[in-house]
Every structure is written in structure tokens, then in C-alpha cells.
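Structure record follows, encoded as C-alpha cells.
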Amino acid sequence: MFLLFLAGLLWLSGCGSLSPVSNPKPAQAADENAASGDGKETGEEAGLIYEKGMELQYAENFTVDYYEGGYALLTLTMDGTQFFLVPEGKEPPKDLGEALGEKKTQGGQLVVLKRPVKNIYLVASSVMDMFCELGGLDAIAFSGQKEENWYIEDAKEAMAQGKILYAGKYNMPDYELLVSGHCALAIENMMISHAPEVVEKLGEFGIPVLTDYSSYEPHPLGRVEWVKFYGALLGKEEEAEKIFAGQQEILARVSAEEKTGQTVAFFFITSNGLVQVRQPSDYIPKIIGLAGGDYIFEDLGEPETKRSTMNMQVEEFYAGAKDADFLIYNSSIDGGVSTVEELADKCGVLSDFKAVKEGNVWCTANDMYQQSLSIGYLLEDIHNMLQGKKENMHYLFPLTGKIP
């Protein structure tokens, strides 16, 4: 009887053993003890040898670390989420967390992605131009924007051809489409923080979420430097370096060492008649400063706030911006205006503004916010605007007409 019982145990252990995914701790302990005898492997003993970290000039919200064999670790410092990239045809170390050692964030999610990274669900629209410039558009299979809402021609064309499918907004993704299309990664913007249930649901379907924190970078070129992050994700680091170098050249060429003393108001008229302006901590006021101007609402709000905008009453805007030397209307939401008269129809008090009387009223192009790589060109545009130039603009154009 004992022999039969023992045979039964052996049969069960051979046919019903738990996988490392469903019961990782015992398996890890066994592997560690076998390798080192004390349960504490070093990264090198675990098959992971550190090479170097990516050099960053301005960006503070991510890091990239490289390991021998083509492995890379991308870390979002804002939330501690990490993405470990595994070269095609290879496998990650058995105990990845142990192999990473001190590079492993405490409490952050560790996601393994195998190259090539593809079938991405891109919700963070400001990232699209980076993928296009990197030559990585084919990695995106799903979009959080409809075809008609894209200003980026490559994205619009890819959707028209069915290469990229609309998979719903950030808070209402088409889970069935994403799962059936083998979505490997969702790249979200900060709006996803308002829909934690979506992150949870995506996780249940095995789709990890990467939140783009580029808008929280303190320096305008920090936002642009995120092209290096996506370059590392796609294995296109050389392309990313060249793209970023081009933006640095613009900064070096047009950033002003001395202030011009000219003031600039950057604003938008909301549908309910309020005026939306930028917080001083936002990147737009910083670009104005780099270009040699002074943001008219430099003392507005809380300096360290994470919010990029705030709304104010027309009377408050009038008091603060009436004597501004330049007005820039933000057209990204309502499609913009083409004449001073159209702008005055939105806000009648503008007729008394100094910039309106002197013909220094400008408007942004509609596609500016879908172009993360517009930062350098916008800096150049504002610099030229302050110098009295109106030709060869990229994202700004002067409004025509005058108010009698």
C-alpha cells in the first residue's frame, strides 16, 4: 500500500507541477539556491551584465540602462514602472528582479517586452510625431484618435489604409479589438490617471500601460528628449540622437542671452467665455523666456503646480494683459482664427489691447500639440516674432486685419 501511495505522489508531481507564473517564489528560491548556495545572486551570476546608462541633457522623468547582449531597461521615474526589453530570439533572466539588483525600483511594476515591440495602442497623440520621425510608425497598430482628428499626415494616411485602427478613447478602449489584434503595449497620456479602471482592465488582458510623462519635464527640451526614450523602445537610438541634436542646434542658435523686455500673453477663449492662460511653470512661458521675451503672467498661480493651464475671468485677463507687447492665441482646441476681427468676436475687450492696436497678434497652427518635436521650431518662431520677423514661421502666423 505504501508503495502504491508513493507511486501516486510521484505521478502527481510529474503531471501537476505549478508554473513560475502562477507560483513564482518557490521556483525562484530553488534556482537561487542552486546557483549561489545562499539565495542571493548578483546580476552577473544571473546572466545580466550592466554596460551603461543613457546620457540625458534635460529630461528628468525617465532613464535608460543597457546590458550586455542587447538587453535594455527603461524606467519611468514618476511612477517607478519599468520595461525590460529582450532582444529577438533571447529570453530574460530567470529571476529578473534579482538580476537587476539596485536598478529595480521598489514598488514599481516590472514589464518584460520582447523585440520587436509592435502592435502598440497609441493614445498619447503628442508621441505620434516621434514615432514617425524615428521611422517606427509600423510599430503602432491602434490609435486613440480617429483618422479625421490627426494633423500628422503619415498617421492619417496609415489609418486611411487600415494599417492603424481606431481603438477608442483613453477611457473607452475597444478591448475586443485590442485583444484580437494582439496589442502588446498601450502608451497613454496623463488623462489615464482619471480612468484607473481602464489600466486595471488592460492589465487583466495582459496589455501593460506606459504613461508618457514628457509634459512634466521642467525644461522645454526635456519634452523633446523623450524621443530618446521611444528610440530605445524601438531600438532606434541613433535616429533619436540625430533628431534631438537638431533641436539642440535650434536652441543654441536662437535662445537669447539677454531679455528683449517685450511681454507676451499666450491664451485661449473657452466656450463659456473664460480666458485660459498658461501657468508660469508650463513649457510655453519657459520657451517665451528662452526666446528673449517675458511671459505677462509670470507671477500667476502656484510656481510648482503640476497643472499647465488655469482659467480666469475676462476682467482679470484684461487687467493683466492689456499692455502686453504681443498676443498669441492658442488655436489647438477651437480650430483657430485667421483675422483680428474674428478674435475680437470671441472677446470684445481685446480691441483696447496694446498688441491689437499695434498689429502684434499671432495665432498657433492647429497641429502644434500633435508635434512634440515642434518645441525647437516654436522657440525659433517666438524668437523671430520678438525680432519683428514674420517670414519662415513653422507654428505661428500673424493675424490679419485691424479693429477700427
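Each residue takes its place number in the sequence, starting with 1. Computation of the quantities below employed the complete heavy-atom set of this structure, encompassing side-chain atoms and omitting hydrogens, waters and symmetry-equivalent molecules.
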Practice problem: State, yes or no, whether a side-chain contact exists between L379 and P220 at a heavy-atom distance under 4.5 Å. | Solution: no
Self-check item: L210 CG to I192 CD1 distance, which is reported to the nearest 0.5 Å
Solution: 12.0 Å
Quiz item: Of all residues at least two apart in sequence or in a different chain, which pass the salt bridge (charged side-chain N to carboxylate O under 4.0 Å, His left out) check with R223?
Solution: none
Quiz item: Less than 4.5 Å apart, any side-chain heavy atom of L76 and any of N61?
Solution: no
Quiz prompt | ring pair (Phe, Tyr, Trp, His ring centres under 6.0 Å) partners of residues 86-125, not counting sequence neighbours, each pair once | solution = none
Self-check item: Qualifying ring pair (Phe, Tyr, Trp, His ring centres under 6.0 Å) pairs, either residue in residues 176-214, two or more places apart
Solution: Y175-F205
Exercise. Evaluate the side-chain proximity of E380 to N384: yes if any heavy-atom separation is below 4.5 Å, no if none is.
Key: yes
Quiz item: Checking E342 side chain against S338 main chain: does a donor-acceptor pair fall under 3.5 Å?
Solution: yes
Quiz item: If every non-hydrogen atom of F267 is compared with every non-hydrogen atom of L327, which pair is closest and at what distance?
Solution: CE2-CB, 3.9 Å
Quiz item: Side chains of Y318 and V275: closer than 4.5 Å at any heavy-atom pair?
Solution: no
Practice problem: Would you sort out whether N189 and T211 count as a side chain to side chain contact (heavy atoms under 4.5 Å, CB included), showing the intermediate values? | Solution: CA-CA 6 Å; N189 56 32; T211 304; over 6 Å; no
Check residues 126-143 and write down every donor-acceptor pair under 3.5 Å in which the side-chain atom is one partner and the other belongs to a residue at least two apart or another chain.
{"from": "D129", "atom 1": "OD1", "to": "S372", "atom 2": "N", "distance (Å)": "3.1"}
{"from": "D129", "atom 1": "OD2", "to": "S372", "atom 2": "N", "distance (Å)": "3.1"}
{"from": "D129", "atom 1": "OD2", "to": "L373", "atom 2": "N", "distance (Å)": "2.9"}
{"from": "S143", "atom 1": "OG", "to": "Q145", "atom 2": "N", "distance (Å)": "2.9"}
{"from": "S143", "atom 1": "OG", "to": "Q145", "atom 2": "O", "distance (Å)": "2.7"}
{"from": "S143", "atom 1": "OG", "to": "W150", "atom 2": "NE1", "distance (Å)": "3.2"}

Quiz item: Out of V337, T339, L399, I328, which residue meets the side chain to side chain contact (heavy atoms under 4.5 Å, CB included) rule with V361?
Solution: L399
Quiz prompt | Pair F326 and W362, ring centroids less than 6.0 Å apart | solution = no
Quiz item: Under the side chain to side chain contact (heavy atoms under 4.5 Å, CB included) test, which residues partner D325, sequence neighbours left out?
Solution: Q262, T263, K354
Self-check item: Sequence-distant partners of Y58, ring pair (Phe, Tyr, Trp, His ring centres under 6.0 Å), two or more places apart
Solution: H219
Quiz prompt | Contacts of type side chain to side chain contact (heavy atoms under 4.5 Å, CB included), residue N272, not counting sequence neighbours | solution = T270, L274
Quiz item: Less than 4.5 Å apart, any side-chain heavy atom of L185 and any of I207?
Solution: no
Quiz item: How many angstroms lie between atom CD1 of I243 and atom CD of Q248, to the nearest 0.5 angstrom?
Solution: 13.0 Å
Exercise. Hey, could you give me the NZ/CG distance between K103 and L48, rounded to the nearest 0.5 Å?
Key: 11.5 Å
Quiz item: Is the closest side-chain heavy-atom distance between V227 and Q247 below 4.5 Å?
Solution: no
Quiz item: Judged by modelled atom types alone, do D65 and Y50 share a side-chain donor-acceptor pair under 3.5 Å?
Solution: yes
Quiz item: Is it the case that more than 12 heavy atoms not belonging to K118 sit under 6.0 Å from its NZ atom?
Solution: no
Quiz item: Which heavy atom in V209 sits nearest to a heavy atom in T81, and how many Å separate them?
Solution: O-CG2, 4.5 Å
Practice problem: Take atom CD of E176 as the centre, draw a 6.0 Å sphere, and report whether it contains more than 12 heavy atoms from other residues, nucleotides or ligands. | Solution: no
Quiz item: Is there a donor in the side chain of K389 and an acceptor in the side chain of Q387, or the other way round, less than 3.5 Å apart?
Solution: no
Quiz item: Is there side-chain contact between R115 and L85, with heavy atoms separated by less than 4.5 Å?
Solution: yes
Self-check item: Nearest-0.5 Å distance, CG of residue L73 to OH of residue Y67
Solution: 5.0 Å
Show me the donor-acceptor pairs, under 3.5 Å and distance only, between side chains in residues 106-113 and residues at least two apart or in other chains.
none

Under 3.5 Å, which donor-acceptor pairs link side chains of residues 228-237 to any protein atom two or more places apart or in another chain?
{"from": "K228", "atom 1": "NZ", "to": "E55", "atom 2": "O", "distance (Å)": "3.3"}
{"from": "K228", "atom 1": "NZ", "to": "E225", "atom 2": "OE2", "distance (Å)": "2.9"}
{"from": "Y230", "atom 1": "OH", "to": "D212", "atom 2": "OD1", "distance (Å)": "2.5"}
{"from": "E237", "atom 1": "OE2", "to": "Y66", "atom 2": "OH", "distance (Å)": "3.0"}

Self-check item: Summary of ring pair (Phe, Tyr, Trp, His ring centres under 6.0 Å) pairs that have at least one residue in residues 72-120, sequence neighbours excluded
Solution: Y71-F84
Quiz prompt | Exam field: side chain S331 to backbone C363, donor-acceptor pair closer than 3.5 Å | solution = no
Quiz prompt | Donor-acceptor contact present, side-chain K156 to main-chain E147, <3.5 Å | solution = yes
Exercise. Write down the atom of I250, the atom of G376, and the distance for their closest heavy-atom approach.
Key: CG2-O, 3.1 Å
Self-check item: Of V277, I287, I284, the residue whose pairing with Y295 passes side chain to side chain contact (heavy atoms under 4.5 Å, CB included)
Solution: V277
Quiz item: Is it the case that more than 12 heavy atoms not belonging to E51 sit under 6.0 Å from its CD atom?
Solution: yes
Exercise. Assess whether atom NZ of K104 is packed by more than 12 heavy atoms of other residues, nucleotides or ligands within 6.0 Å.
Key: yes
Quiz item: What pairs with Y166 under ring pair (Phe, Tyr, Trp, His ring centres under 6.0 Å), at least two apart in sequence or on another chain?
Solution: none
Exercise. Hey, could you give me each pair passing salt bridge (charged side-chain N to carboxylate O under 4.0 Å, His left out) that has a residue in residues 187-208? Not counting sequence neighbours.
Key: K201-E204
Quiz prompt | Reported CZ-to-CD distance for the pair F62 and Q82, which is rounded to 0.5 angstrom | solution = 14.0 Å
Quiz item: Taking the six-membered ring for Trp, are F317 and F353 ring centroids under 6.0 Å apart?
Solution: yes
Quiz item: What distance separates S308 OG from Y216 OH, expressed to the nearest 0.5 Å?
Solution: 8.5 Å
Exercise. Taking the side chain as every heavy atom from C-beta outward, state whether Q279 and F297 have any atom pair closer than 4.5 Å.
Key: no
